[in-house]
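The structure displayed is predicted, hence computed values, not measured ones.
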Amino acid sequence: MAALAPQLSLPAMTGMDARLAALAKLERLAEEFEAAEQRRKSNAVLKRAIKAWQKGDLARAGQLALDATETDDANAKAFHLLAMALQRMGHQHKALVTYERAFQLDPDDPELLINLGLAAWNLQLVDGAAKMFQLYIGACPDSPLGYNNLGSVQSDMGHVDTAIETLRAAIYRMPGEAILWNALATVLAENGRVEESLVFYQEAIRLDPDFARLHHNLGYAHSHLGRLGEALVAYDGALARAVDENERRESEHSRAICLIGMGRLAEGFDAFEIRNDQRFRAYVHHMTNAPLWQGEALDGKRMLVVGEQGLGDEFMFANVLPDLQRAVGEAGTLEIAVDRRLIALFQRSFPRAVVGAYEDRTLLDKDGNKSLRFIPFSTDKGDPDFWAPMATPLRFLRRALSDFPHQPFLVPDAQRVADFRARLDALGPEPKIGICWRSMMLGAKRAKYYSVLDAWGPILKTPGVRIVNLQYGDCAEELARAAEMHGVAIARIDDLDLKDDIDGAAALSASLDLVLSAPTAAAACAASVGTETWFLTAGRTWPQLGTGEYPWYRKTRVFSPDRFGDWNALVRQVGQALAERVTSSRN
């Protein structure tokens, strides 16, 4: 029979428990000491990261902050700085995840709420951003930052009245905060109420006259109202006060656009080269080792020109291509890189040139996102003698208005033009008027530049014309509603993809008598092939070059309302002008 194990007495048990408790306490103390030592080491690295940040070395700051988190994976401040560096370098999703980690470690840090909201906003997670800003307001009700950001994100969400009310209430609470007046002005300006925005921008400047961004924003408002002289003064004021180099580049770019819009072309196109600064926000790195063309002689050279900025701009800037084709001469080669949809049209227009597509990619490296543009059809056979973004030759070839030839420069497919013309003639003898009323890219900020087709009644109901659709993208519902509202038939070429078959769109445009359009790629396409084009704009635009037309094209006319974005007045004006044109043509 097995012997029973001896039972411990109560004093013995109590003594053992006390020894175990003491050992556990010593273990906790050792862990706390170790954690404190790790935090001390982590904070030492973090201090170096902060110094690198203050010197503007974001990559170094980010690497050191990462080292600090690896030394102490509970150091919320290290994760916070790492997230800030990631965000500034363009790694938006990584920044958001890192901010969330920092917030888990230190949920009582209100600054994390602001930065979490900004990171979410950058990723278009607007609901989450708004929630973070609301939490920040709850934690810091006397700080203007939460109200500033909340009102701005509410505007982006399309809740304009709510945004205005958020900012007005904050201004009543903190009337001396310039950023709140600026935010309210910006919400108004971005939603078409530009005239109203001026008084709020001016009050913001009165409160903080040395804040460069306020002067820049005031310039933006004046430029939209066509007051380019006042806009230029404001941009100069922004440049005189700019401390941040990124802000300086933004103001230089806006000032260049303003100068071009005023018709000061030589000065303006020279200044417009700021867009090719590698540190500019919208810079695109072109994958060629060829030197940038600076006006050198091109006879016998191989010259590469690359489209930029958007489809409409590729049409417009192509105004200089005939000059460059002549400049390279019989012995030289002009290479033209464009959006893939433009290849057939541009190759026909410049038969001696080599036309191909560029390819865009995004590179993530230690300095953030980089937009890359590859031109394989050119560089695969070795780099050319020179290259240039398509707008750069303007500074050498379009120094004055007299340098614009007012001639068509793109050649549509003659057979397709004849086919479309025959189809349109079958609809009746009336003049055929093409229409396009909006861009496909219609966010809350861009909507103010375009009208809705429902408002085009005075144009659509013009007697003696046949309206033809040139609007690309899905617009069937809009066309059907407008036809029903105004009792008109709008002709459609159903077997033509106006978005992707640009060569077909150019041929259809060339078969029309007149095109009425917002400043879109459809308008630029029509005007480039020589069709008379009337531009309907919310206000004066910089491509007018200080005139009442778009000098880039053969025959254009610009209609803009006396009050920015007053579409009802504008369509009445255009409807009357169209009726007068029809009557004049008959006579």
*Asks:* Flag this pair as yes if the NZ/CZ of R255 is under 6.0 angstrom from the six-membered ring centre of Y235 and inside a 45 degree cone about the axis; otherwise no.
*Replies:* no
*Asks:* If only atom types and distance count, is the side chain of S197 paired as donor or acceptor with the main-chain N or O of V194 below 3.5 Å?
*Replies:*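 Indeed, once roles are kept as given, a pair shorter than 3.5 Å links the two residues.
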*Asks:* Identify the two heavy atoms, one from G575 and one from I459, that lie closest to each other, and give their separation to 0.1 Å.
*Replies:*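 So the minimum-distance heavy-atom pair works out to N-CG1, 3.9 Å.
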*Asks:* So does A522 get a backbone contact from the side chain of T520, meaning a donor-acceptor N/O pair under 3.5 Å?
*Replies:* yes
*Asks:* Of F559, F535, W542, which is the lone residue that meets ring pair (Phe, Tyr, Trp, His ring centres under 6.0 Å) with Y550?
*Replies:*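 Result for ring pair (Phe, Tyr, Trp, His ring centres under 6.0 Å) with Y550: F535.
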*Asks:* Is it the case that the side chain of T392 and the backbone of A388 share a donor-acceptor pair, with hydrogens and angles ignored and the cut-off at 3.5 Å?
*Replies:* no
*Asks:* So E359 and R340, do their side chains get closer than 4.5 Å, heavy atoms only?
*Replies:* yes
*Asks:* For residues V338 and M390, determine if any side-chain heavy atom of one lies less than 4.5 Å from a side-chain heavy atom of the other.
*Replies:* yes
*Asks:* Roughly how far apart are K432 NZ and T531 OG1, rounded to 0.5 Å?
*Replies:*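 One finds 14.0 Å between NZ of K432 and OG1 of T531.
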*Asks:* Between atom CD of E532 and atom CZ of R554, what is the distance when rounded to the nearest 0.5 Å?
*Replies:* 7.0 Å
*Asks:* Report the C-alpha distance between R373 and D360 in whole Å, list the side-chain angles of each, state the deciding distance to 0.1 Å, and finish with yes or no for salt bridge (Lys or Arg N to Asp or Glu O under 4.0 Å).
*Replies:* CA-CA 5 Å; R373 180 156 288 183; D360 288 343; 2.7 Å; yes
*Asks:* Could you tell me if H285 and Y283 have a donor-acceptor pair between their side chains, going purely by distance under 3.5 Å?
*Replies:*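 Yes, side-chain donor-acceptor contact under 3.5 Å.
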*Asks:* Please check this pair: side chain of R361 against backbone of F374, looking for a donor-acceptor N/O pair closer than 3.5 Å.
*Replies:*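 Checked: no pair found.
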*Asks:* Heavy-atom count around Q294 CD within 6.0 Å, excluding the residue itself: above 12?
*Replies:* yes
*Asks:* With salt bridge (Lys or Arg N to Asp or Glu O under 4.0 Å) as the criterion, how do D497 and K499 come out once you've worked through the C-alpha distance, each side chain's angles and the decisive distance to 0.1 Å?
*Replies:* CA-CA 5 Å; D497 183 345; K499 175 178 177 289; over 6 Å; no
*Asks:* About how many Å separate CG of L321 and CZ of F350, when rounded to the nearest 0.5 Å?
*Replies:*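 CG of L321 is found 4.5 Å from CZ of F350.
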*Asks:* So, Y220 versus H224, ring centres under 6.0 angstrom or not?
*Replies:*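 That pair passes the under 6.0 Å test.
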*Asks:* Within a strict 4.5 Å, meaning less than it, do heavy atoms of the R275 and Q309 side chains meet?
*Replies:*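 Answer yes - side chains close enough.
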*Asks:* Under the criterion side chain to side chain contact (heavy atoms under 4.5 Å, CB included), I'd like the reasoning laid out for L265 against L394: C-alpha separation, chi angles, the key distance, then a yes or no.
*Replies:* CA-CA 9 Å; L265 303 188; L394 294 168; over 6 Å; no
*Asks:* Considering residues at least two apart in sequence or located in another chain, which fulfil the side chain to side chain donor-acceptor pair (under 3.5 Å) criterion with W387?
*Replies:* none
*Asks:* Indicate the atoms forming the closest heavy-atom contact of A204 with W181, along with that distance.
*Replies:*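 Result for this residue pair: CB-CB, 3.8 Å.
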*Asks:* Between E314 (side chain) and D339 (backbone), is there a donor-acceptor pair under 3.5 Å?
*Replies:*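 Side chain of E314 to backbone of D339: a pair is present.
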*Asks:* Between R213 and E250, does at least one N-O distance fall below 4.0 Å, as a salt bridge requires?
*Replies:*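 Answer for the salt bridge query: no.
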*Asks:* What are the two closest heavy atoms between D403 and L397, and how far apart are they?
*Replies:* CB-O, 3.5 Å
*Asks:* Is a donor on one side and an acceptor on the other found under 3.5 Å between the side chain of R241 and the backbone of G237?
*Replies:* yes
*Asks:* Can you give me the closest heavy-atom contact between A163 and Q154, atom names plus distance?
*Replies:*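 The answer is CA-OE1, 3.4 Å.
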*Asks:* For R264, is there an ion pair with E267 - N to carboxylate O distance below 4.0 angstrom?
*Replies:*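 Result for this pair is yes, salt bridge flagged.
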*Asks:* Do the side chains of R398 and P405 get nearer than 4.5 Å, heavy atoms only?
*Replies:*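 Yes, at least one pair of side-chain atoms sits under 4.5 Å.
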*Asks:* Nearest 0.5 angstrom please: L298 CG to L324 CG, how far?
*Replies:*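 If we round to the nearest 0.5 Å, L298:CG and L324:CG are 6.5 Å apart.
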*Asks:* At what distance, to the nearest 0.5 angstrom, does CG of L470 lie from CG of L516?
*Replies:* 9.5 Å
*Asks:* Is atom CG of D562 surrounded by more than 12 heavy atoms (other residues, nucleotides or ligands) closer than 6.0 Å?
*Replies:*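 At most 12 heavy atoms, drawn from other residues, nucleotides or ligands, come within 6.0 Å of this atom.
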*Asks:* Is the shortest heavy-atom distance from the side chain of P412 to the side chain of S509 under 4.5 Å?
*Replies:*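 The answer is no; the side chains never approach within 4.5 Å.
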*Asks:* Looking at R563, I want to see if its CZ is surrounded by more than 12 non-hydrogen atoms of other residues, nucleotides or ligands under 6.0 Å.
*Replies:* no
*Asks:* Under a 3.5 Å distance rule, please check whether S349 uses its side chain to pair with a backbone N or O of V411 as donor and acceptor.
*Replies:*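 It does hold such a pair.
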*Asks:* Any donor-acceptor pair under 3.5 Å linking the side-chain atoms of Q544 with those of T541?
*Replies:*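 The criterion, which ignores hydrogens and geometry beyond distance, is satisfied for Q544 and T541.
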*Asks:* D383 side chain to N289 main-chain N or O, any donor-acceptor pair under 3.5 Å?
*Replies:*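 Here the side-chain-to-backbone pair exists.
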*Asks:* Is the NZ or CZ atom of R395 both under 6.0 Å from the centre of the six-membered ring of F272 and within 45° of that ring's axis?
*Replies:*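 No cation-pi geometry.
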*Asks:* Evaluate the criterion side chain to side chain contact (heavy atoms under 4.5 Å, CB included) for residue pair W456 and V574; output intermediate values, then yes/no.
*Replies:* CA-CA 9 Å; W456 281 45; V574 176; over 6 Å; no
*Asks:* Any side-chain donor-acceptor pair under 3.5 Å between S155 and S152?
*Replies:* no
*Asks:* Which is it for D385 and W293 under the side-chain hydrogen bond (donor to acceptor under 3.5 Å, both in side chains) test, yes or no, and what are the steps along the way?
*Replies:* CA-CA 9 Å; D385 295 304; W293 185 58; over 6 Å; no
*Asks:* With salt bridge (Lys or Arg N to Asp or Glu O under 4.0 Å) as the criterion, how do R438 and E478 come out once you've worked through the C-alpha distance, each side chain's angles and the decisive distance to 0.1 Å?
*Replies:* CA-CA 11 Å; R438 60 166 173 81; E478 294 166 272; 2.6 Å; yes
*Asks:* Step by step, would you call D503 with R348 a side chain to side chain contact (heavy atoms under 4.5 Å, CB included)?
*Replies:* CA-CA 10 Å; D503 203 32; R348 184 184 309 106; 2.7 Å; yes
*Asks:* What pair of heavy atoms forms the shortest contact from V354 to F377, and how long is it?
*Replies:* O-CE1, 3.8 Å
*Asks:* Atom SG in C436, atom CG in L498: separation rounded to 0.5 Å?
*Replies:*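 Here the rounded value is 8.5 Å.
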*Asks:* Between the main-chain N or O of W437 and the side-chain N or O of Q471, is there a donor-acceptor pair closer than 3.5 Å?
*Replies:* yes
*Asks:* Could you tell me whether the side chain of L424 reaches within less than 4.5 Å of the side chain of S511, counting heavy atoms only?
*Replies:*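 A side-chain contact under 4.5 Å exists here.
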*Asks:* Could you check whether D419 pairs with R416 (Lys NZ or Arg NE/NH1/NH2 to Asp/Glu carboxylate O, under 4.0 Å)?
*Replies:* no
*Asks:* Taking it one step at a time, do F200 and N182 satisfy side chain to side chain contact (heavy atoms under 4.5 Å, CB included)?
*Replies:* CA-CA 6 Å; F200 297 100; N182 173 70; over 6 Å; no
*Asks:* Using salt bridge (Lys or Arg N to Asp or Glu O under 4.0 Å), reason through D495 and R423 one step at a time and then give a plain yes or no.
*Replies:* CA-CA 12 Å; D495 56 347; R423 293 173 68 174; 3.1 Å; yes
*Asks:* Between M316 and P543, is there a side-chain heavy-atom distance shorter than 4.5 Å?
*Replies:*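 Yes - at least one pair of side-chain heavy atoms lies under 4.5 Å apart.
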*Asks:* I'd like to check N319 versus F404 (side-chain heavy atoms, cut-off strictly below 4.5 Å). Are they in contact?
*Replies:* yes
*Asks:* Identify the two heavy atoms, one from A231 and one from G219, that lie closest to each other, and give their separation to 0.1 Å.
*Replies:* CB-O, 3.4 Å
*Asks:* Can a donor-acceptor pair be found, under 3.5 Å and without considering hydrogens, that links the side chain of H286 to the backbone of V284?
*Replies:*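 Yes, because the side chain of H286 sits within donor-acceptor range (under 3.5 Å) of the backbone of V284.
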